[in-house]
2 protein chains.
Amino acid sequence: MELDQAFRSAALRPTAQRYAVLEFLAGHPVHATAEEIFRAVNRDDPRASRATVYNNLRSLAKAGLVREVMSEGKAARFDANLRRHHHFICERCGAVEDISWFDLPPSAGRVALGGRDVSNYEIVFRGACEGCRDAQPEQGAK
Amino acid sequence: MELDQAFRSAALRPTAQRYAVLEFLAGHPVHATAEEIFRAVNRDDPRASRATVYNNLRSLAKAGLVREVMSEGKAARFDANLRRHHHFICERCGAVEDISWFDLPPSAGRVALGGRDVSNYEIVFRGACEGCRDAQPEQGAK
DNA sequence: ACTCAAGTTAGACAAAATCTATATTTAGAT
DNA sequence: ATCTAAATATAGATTTTGTCTAACTTGAGT
Ligand SMILES: [Mn+2]
Ligand SMILES: [Mn+2]
Ligand SMILES: [Zn+2]
Ligand SMILES: [Zn+2]
């Protein structure tokens with residue numbers, strides 16, 4: 001499996017717990033919190049302690065196999081999608097969804113950014129996801 | 001003062017503590033954490049307890065006079081800049097700076113966003129702020 | 001098989017945020 | 001001015017989130 005390859009090149013031992021954490025994140029691209037990952041991993045074997053989940057999230061992040069994504073709430077959220085992408089946050093259900101990458105026009109923000117040295121950027125969209133939009137279709141005038 | 005006006009229209013009583021919290025945020029646009037606000041407010045009168053700082057950040061946020069901004073670390077950061085704007089995060093010193101607003105081109109992301117109902121968006125830039133860029137000027141090849 | 005750094009674990013600890021119960025303040029009515 | 005009810009302030013308890021410690025286990029190379 002290619003995850004073993006990723007572990008090897010990152011000098012991380014492919015332990016069962018580490019594998020389970022990364023496999024859950026890769027298979028459930030919902031930007032889970034550490035607690036959600038802990039519960040998911042412990043629903044079936046192999047189990048992992050809370051400390052191990054946190055340890056592995058840190059080691060995977062340091063190795064670049066996982067990213068911590070910005071989030072509104074208190075608990076950090078993690079992302080195993082390594083492709084460059086934007087995010088969409090549903091203001092009704094809280095879902096954090098991936099938006100495939102597109103560049104800003106090269107001139108965008110040139111003046112607004114002043115003398116800053118920009119190495120990267122990301123757009124965060126907000127609104128209603130498809131499910132929420134359909135569920136409560138648009139309140140016409142009463 | 002116009003803050004009284006804002007309080008009045010938000011149905012928030014203009015207490016000394018609430019005023020101090022909002023005044024600090026408005027006067028120090030560095031996206032402070034609750035703890036930083038707590039310490040700043042308690043350097044001079046009127047004092048405010050930790051609970052009051054948290055309570056007021058919530059009531060001010062609900063009233064739309066303050067926003068919680070996304071942040072990397074664990075502690076939430078707050079913003080009294082109500083104008084629409086983007087943000088820049090310095091990867092060296094951690095500073096969170098305001099970038100004045102500019103629109104995405106109207107077509108941007110149209111396909112990537114699919115059927116989602118976008119009500120707002122924000123760009124988060126990362127890199128080196130002016131101070132950090134100057135401090136460590138660019139490592140040439142060795 | 002032996003070795004030892006890397007990894008796991010429970011539980012202690014710390015930081016960030018919320019809640020509870022009580023005291024105080026405020027806006028408005030008399 | 002006094003009174004009242006609701007909003008606010010507060011200290012400390014509690015909860016949530018994350019880190020650390022110290023003992024134990026695993027596993028990759030020899
Ligand atoms: Mn993502
Ligand atoms: Mn801002
Ligand atoms: Zn939704
Ligand atoms: Zn900087």
Side-chain angles (χ1 to χ4, degrees), chain A residues 3-25 31-42 44-63 65-78 94, chain B residues 3-25 31-42 44-63 65-78 94:
Chain A
L3 289 190
D4 279 346
Q5 181 54 29
F7 283 152
R8 216 165 299 274
S9 63
L12 290 178
R13 291 184 184 171
T15 67
Q17 288 81 359
R18 178 169 291 155
Y19 192 91
V21 167
L22 185 50
E23 187 180 47
F24 176 78
L25 271 179
H31 309 88
T33 64
E35 185 64 22
E36 288 164 352
I37 296 164
F38 170 75
R39 283 202 295 268
V41 164
N42 282 281
D44 37 44
D45 283 327
R47 306 306 185 78
S49 72
R50 233 170 275 269
T52 293
V53 171
Y54 277 106
N55 287 345
N56 279 328
L57 287 170
R58 274 194 294 181
S59 58
L60 290 167
K62 186 149 54 177
L65 299 179
V66 148
R67 289 194 280 163
E68 182 177 341
V69 300
M70 311 224 302
S71 77
E72 216 77 315
K74 30 210 159 156
R77 297 186 163 275
F78 295 87
Chain B
L3 289 191
D4 280 346
Q5 180 56 28
F7 284 151
R8 215 165 301 274
S9 61
L12 289 178
R13 292 181 182 174
T15 67
Q17 288 82 358
R18 176 168 292 156
Y19 192 92
V21 167
L22 184 50
E23 187 180 47
F24 175 78
L25 270 180
H31 310 89
T33 64
E35 184 64 22
E36 288 164 353
I37 297 164
F38 170 75
R39 283 202 294 269
V41 162
N42 282 282
D44 37 45
D45 282 328
R47 306 307 184 78
S49 71
R50 232 171 279 267
T52 293
V53 170
Y54 277 105
N55 287 344
N56 278 328
L57 286 171
R58 275 194 293 180
S59 58
L60 290 167
K62 186 148 55 175
L65 299 177
V66 149
R67 289 194 280 164
E68 182 176 341
V69 300
M70 310 225 301
S71 77
E72 216 76 316
K74 24 204 164 169
R77 298 188 162 275
F78 296 87

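Every heavy atom of this structure was used, including side-chain atoms; hydrogens, water molecules and symmetry mates were not. Below, chains carry the letters A, B, ... as their sequence lines are ordered, and counting in each starts from 1. Nothing here was measured: the structure is a model prediction, and the numbers come from that model.
Distance CG (A:Asn55) to P (C:dA10): 12 Å, rounded to an integer number of Å. Remark: P of C:dA10 and CZ of A:Phe38 are 8 Å apart, rounded to the nearest angstrom. One interatomic measurement links the two molecules: CG of A:Asn42 to C1' of C:dT9, which rounds to 12 Å at whole-angstrom precision. Here the C1' atom of nucleotide C:dC13 and the NZ atom of B:Lys74 are 13 Å apart, to the nearest Å. For the pair A:Asp4 CG and D:dA28 C1', the computed distance is 14 Å after rounding to whole Å. Going from atom CZ of A:Arg50 over to atom P of C:dC13 covers 18 Å, rounded to whole Å. If you take CZ of B:Arg47 and P of D:dT10, they are 11 Å apart, rounded to a whole angstrom. Between the CG atom of A:Leu12 and the C1' atom of D:dT26 there is a distance of 15 Å, given to the nearest Å.
Donor-acceptor pairing under 3.5 Å, judged by distance alone, is absent between the side chain of B:Arg13 and the base of D:dT8.
Using a 4.0 Å heavy-atom criterion, one finds that A:Arg8 contacts no nucleic acid atom at all. Residue A:Ala75 is classed as a sugar-phosphate contact, given heavy-atom separations below 4.0 Å to backbone atoms only.
To the nearest 0.5 Å, atoms CZ (A:Arg58) and CD (A:Glu68) are separated by 11.0 Å. For the atom pair CD (B:Gln17) and CG (B:Asp45), the distance works out to 10.0 Å, reported to the nearest 0.5 Å. To the nearest 0.5 Å, the span separating CD1 on A:Ile37 from CG on A:Asn42 amounts to 11.5 Å. Put simply, CZ on A:Phe78 and OG on A:Ser71 are 9.0 Å apart, with the number rounded to the nearest 0.5 Å.
Exactly one of B:Glu72, B:His31, B:Met70 qualifies for a side chain to side chain contact (heavy atoms under 4.5 Å, CB included) with B:Arg77. That residue is B:His31.
Listed pair B:Asn56 / D:dA9 meets the phosphate criterion, a side-chain N or O lying under 4.0 Å from OP1 or OP2. Under 4.0 angstrom from either OP1 or OP2 of C:dG7 there lies at least one side-chain N or O belonging to A:Arg18. Proximity of B:Gln17 to the phosphate of D:dT10: a side-chain N or O atom is located under 4.0 Å from OP1 or OP2. In terms of phosphate contacts, B:Tyr54 brings a side-chain nitrogen or oxygen within less than 4.0 Å of OP1 or OP2 of C:dA17. Phosphate contact (OP1/OP2 of C:dA6, side-chain N/O of A:Thr15, threshold under 4.0 Å): absent. Taking side-chain N and O atoms only, A:Thr33 has no distance below 4.0 Å to OP1 or OP2 of D:dT17. The phosphate of D:dT10 has OP1 or OP2 within less than 4.0 Å of a side-chain N or O from B:Thr52. Contact between the side-chain N/O atoms of B:Arg58 and the OP1/OP2 oxygens of C:dC19 is found at a separation under 4.0 Å.
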